[in-house]
Amino acid sequence: MLAPSLMLNLINTAYYGFGQFLPGLLSIYFFRSIRPAGIAAGLIAGDLFAIGMHLAQMNFLNINIGLIALLETSQLLMPSVCI
């Protein structure tokens, strides 16, 4: 009974986590002066944010949780690019 739900949760959290790599990869490609600590902070914060929203079963206008966490990750990376 719990197996289909467990597998779906694992796939969703993996999807949310892998989606957080995009801002880091794009910032490395376009901005050579970005600091590794900024990329790591954005990745960790985005993953924690996505997992927290998933565990709390938060739903914001039926927008994908990974997309919301991606915006939060991008927001954390910007100060690292601008410095």
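Along the sequence shown, the residues carry numbers beginning at 1.
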Peer 1: Using residues 18-25 as the side-chain source, report each donor-acceptor pair under 3.5 Å to any protein atom, sequence neighbours left out, with the distance given to one decimal.
Peer 2:
unit_1: Q20; atom_1: OE1; unit_2: T73; atom_2: OG1; d: 2.6
unit_1: Q20; atom_1: NE2; unit_2: Y16; atom_2: O; d: 3.1
unit_1: Q20; atom_1: NE2; unit_2: G66; atom_2: O; d: 3.4

Peer 1: Give the intermediate values and the outcome of side-chain contact (heavy atoms from CB on, under 4.5 Å) for residues I65 and M58.
Peer 2: CA-CA 8 Å; I65 294 171; M58 296 177 76; 5.8 Å; no
Peer 1: Should Y15 and I68 be counted in the same cluster of Ile, Leu, Val, Met, Phe, Trp and Tyr side chains packed under 4.5 Å apart?
Peer 2: yes
Peer 1: Search all heavy atoms of A69 against all heavy atoms of G46 and return the closest pair with its distance.
Peer 2: CB-O, 3.6 Å
Peer 1: I'd like to check the side chain to side chain contact (heavy atoms under 4.5 Å, CB included) partners of I28; sequence neighbours left out, ordered by chain and number.
Peer 2: I34, I39
Peer 1: Just verifying a value: how many Å separate M53 CE and L48 CG, rounded to the nearest 0.5 Å?
Peer 2: 13.5 Å
Peer 1: Membership question, hydrophobic clusters at under 4.5 Å side-chain separation (ILVMFWY): are L10 and L55 in the same one?
Peer 2: no
Peer 1: So how far is it from L71 CG to L67 CG, rounded to the nearest 0.5 Å?
Peer 2: 5.0 Å
